[in-house]
There are 2 protein chains.
Amino acid sequence: MDERKRKVLLAIVQDFIATAEPVGSRTIAKKYKLGVSPATIRNEMADLEEMGYIEQPHTSAGRIPSVRGYRYYVDYLMKKRELTQEEEEVIRRGLDKKVRDVAKVFRRTGDLLSQLTSYTSMVLTQQGRPSKFKHIQLVSMNPTRTMVIVVMDNGAVHHRMIETPESIIAADLETLSRVLNAKLQGMNMDTIKFTLLQELYFELGRYKHILDLSLELIQDSLFLAEEDRIYLGGVFNMLTQPEFHNAERIKTMLGILEQEELLCELLSGENLDQGVTIRIGDEIEDDSEIKHYSVVAAPYTLSGRRIGTVGVLGPTRMDYAKVISVVDFLTKNLSVVLDRVLRGGGR
Amino acid sequence: MDERKRKVLLAIVQDFIATAEPVGSRTIAKKYKLGVSPATIRNEMADLEEMGYIEQPHTSAGRIPSVRGYRYYVDYLMKKRELTQEEEEVIRRGLDKKVRDVAKVFRRTGDLLSQLTSYTSMVLTQQGRPSKFKHIQLVSMNPTRTMVIVVMDNGAVHHRMIETPESIIAADLETLSRVLNAKLQGMNMDTIKFTLLQELYFELGRYKHILDLSLELIQDSLFLAEEDRIYLGGVFNMLTQPEFHNAERIKTMLGILEQEELLCELLSGENLDQGVTIRIGDEIEDDSEIKHYSVVAAPYTLSGRRIGTVGVLGPTRMDYAKVISVVDFLTKNLSVVLDRVLRGGGR
DNA sequence: TTTAGCACTCAGCACAGTAGAGTGCTAACA
DNA sequence: TGTTAGCACTCTACTGTGCTGAGTGCTAAA
C-alpha cells in the first residue's frame, strides 16, 4: 500500500463520511487535489477494490469504503481530532449542573453524547463488584409493617417492606437491628449462612419471621445486586442521517435498540477495559442486523474502578474521529462527576 | 342519525380499523349485509360525510372515519369486548412472576400492554402524595464517609453519602440518629425548620455539618420527592402497523416519543382520575403532531390512592374495543400486584 | 325510497425513454 | 513505465405516458 493509495483511500473514506454518496474518481481528483488525473485515480481505486478496502454498490457508481477500509482508516489514516473549545464547554456545562440523582447524570450523559455526535448514545451501568454487607436497619412503619433497609459497603442501599405481627414494637426492632449488625459485620453470605445462622436463630427465635425476611433481603442484595441498566438517547436524532430515509432501515435499527440484552453485551465485553474501543460492521457481530452499524465505546470509572460503559451506535459511515474524541472526553469527565455525586463531598 | 346510518358508520369504522384501507360502498354491502344495495349505501355515506362523521382521502377512494366518527363509534356504537380467557391468562402470568423490584413490574406491564395491543405502551409513575418524615439513620461507611438514609412514611427510602470528619465514630452516629428520630418524629418540614432547629443545633452543635446535610436530605425528600418517571414499551411493535410504512411517519412518531414531558402530561391530567379515558386525534392536542394518534389511558392505584397511569398510544385507527378492555383489566391487576410488592406481605 | 346503470375521477402501476454519473479499456504521451 | 485523454459502455434515477381498477355521484326507472 503505497503513499498515493493511502491518500486515495483517505479521500474516499472522508468524502463518504461527509456526503453518504459513493465517491467517484473525478470528485477525488477535484476536491482532494492529489495532483493526478481521474484516470490514474481510477487505476488506484481498482487496486484498492481488489485489496478489499473499498467496494462498488453497482457498476456505474463510485466507491464506498468496506469494513476493512474503515478499519484501515481508523487504525492508520485518521488524524486525532481535538474537541473544539465549544464542544468541551457544552460537555462541561451539561455535566456540571448540580445533581444528586445518578440516573439523571447518566441520562444527561447520553443526551450530550447524541447531541454532539448525532448518533444514538448508550450508557451502561454495570454491576458493582460483589459488595459486602455493611448495615441493616429495621424501621417500623405502622403496627403491622416494617421496612428492612440494607446498606452495602459500596454505597448501595436496598429496602423492602415486610409484614410483621403486631406484637413487635419499635424497641424490639431497634434491638434486632443492633444484634444483627453486631453479628453480621463485614460478613459475606457464606459465613452468614453457615456459621451464624443457628446462633442467631437460637438467640432471636421469637423473631424468626423477621429474621428470615431480613436475611433474604441481604442475600438478594449480595447476589442479585443491581441489574445492569442501559440508557439510550438520541434515537430520533440519528434518524436525520441519510441512511434512515428508508423505513425498513429505521425498523431494523429500532429492532436492535429494543434488544436490551444485546446492547448490554455490546458494552460489557472485557476487552474494552481501557480506552476507547471501536468496532465496525461485522466486527461487532456477524449474524445480527447490527453488522451494518458501528460502535464506539469506552468505560468510565468510580474511584479508579470500572463501573460502566458509554457507547455510540451509528452507521458504519460514522464520523469516527469526532465520535472517538467525544467519547473519550466524556467518559473522563463522567468519572469525575460520579466521584463527586456518589462518594459524597462537595456539591 | 337513523338506524341505518349508524349501521353504515359502524361498518366503516370496523372495516377501516381492521384493514387500514378506505372503505367503499360495495365492500359494506357485501361484507356487512345491510340488505340494501351499494347505491343506497352511497347515499347514506354522502349524508354521513356531510354530517362530519366520515371523510374521503381523495375523490375516487372509499371513506375513512373522521375524529368525530371515531368518537361517535366509541361513545355509542362500539360493543364492550371482554378479554379472552387466553389474554387474561397472559396478563396474569406476566404480572404474577415473583418480583420485588417495582421498576420491573412497570416494565413488564408496558411489555404486556404493547404485546396484547401491538401499539406503544406508556406507564407513568407519579409523585406519591407529599409524605411525612418517618425515620433517619446515619451509617458510617468508612472513617470519613457517612451514609444518610431517610425513610418516608409512604415507604420511599432516600439515601446520600456525605463526608464526615474522622473524629466522629460509629457510636456518635448512632446517638445522633436516635436523637434526630426522637425529635423529628412525624414532623413536616415547616415544624422541623422553625420550631426544632435551634433546639437541635444547641444540643448537637458539634455535629453541625452532619446535621446540615441530614436536614438537607430530609428536605429534598419531602419536597422534590420522586420525579415522574415514564416507561415506554413496544415501539418497534407498533411499527408493524401499516400506517408506518412511510419513513416520515415513523420519524414524527419517534419525535413524539422522545418528548417525555409531553407524554407525562398526556397521562397526568386530572380528568382521567377514574376509569379508562379515550382521546382521539386532535382531542389530545391540536397543534402537535400527536393529533394524528389516539391515547387510551387509565390510572392505577396503591391502597386505593391513584399513583400513576397506564396508557396506550397508537394511530387513530386503533382497535379501541380491544385496547380499552386490556387497559382496564391491566390497571386493575397492576393495582393488586403493587399492593403486594410495595406494601409487603406474601410474595 | 331504492336501485341499476353509466360517466367520471383518481391513485397506483408498469413501461419506455432519457440524462447523468461513473467506470474500464486502449492508445498515446513524457 | 507510469500517467493521461478519450471513448464506449453500464447502470441508476427520474420523467412522462397510458392503462387498470376501485370507487364515486348522478340520473332515471322501478
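Below, chains carry the letters A, B, ... as their sequence lines are ordered, and counting in each starts from 1.
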Exercise. If only side-chain N and O atoms of A/Thr40 are considered, is one of them under 4.0 Å from the OP1 or OP2 phosphate oxygen of D/dT3?
Worked result: no

What integer distance in Å separates [X]:[atom1] from [N]:[atom2]?
| X | N | atom1 | atom2 | value |
| --- | --- | --- | --- | --- |
| A/Asn246 | D/dA13 | CG | P | 12 Å |
| B/Phe16 | D/dG23 | CZ | P | 13 Å |
| B/Glu55 | D/dG23 | CD | C1' | 17 Å |
| B/Glu44 | C/dT2 | CD | C1' | 11 Å |
| B/Leu48 | D/dG23 | CG | P | 17 Å |
| B/Glu49 | D/dG23 | CD | P | 15 Å |
| B/Asp2 | C/dT1 | CG | C1' | 12 Å |
| B/Lys5 | C/dT2 | NZ | P | 10 Å |

When you check the gap from the basic side-chain N to the acidic O, do [X] and [Y] get nearer than 4.0 Å?
| X | Y | answer |
| --- | --- | --- |
| A/Arg71 | A/Asp75 | yes |
| A/Glu87 | A/Lys322 | yes |
| B/Glu243 | B/Arg317 | yes |
| B/Glu55 | B/Arg63 | no |

Do any side-chain atoms of residues 28-35 of chain A form donor-acceptor pairs under 3.5 angstrom with protein atoms, and if so which ones, sequence neighbours left out?
residue	atom	partner	partner atom	Å
A/Lys31	NZ	A/Asp15	OD1	2.8
A/Tyr32	OH	A/Asp15	OD1	2.8

Problem set entry | Per-nucleotide protein contact string for nucleotides 8-23 of chain C (B base, S sugar-phosphate only, - none; heavy atom under 4.0 Å) | -BBS---------BSB

Exercise. Do the side chain of A/Ser25 and the main chain of A/Ile41 share a donor and acceptor less than 3.5 angstrom apart?
Worked result: no

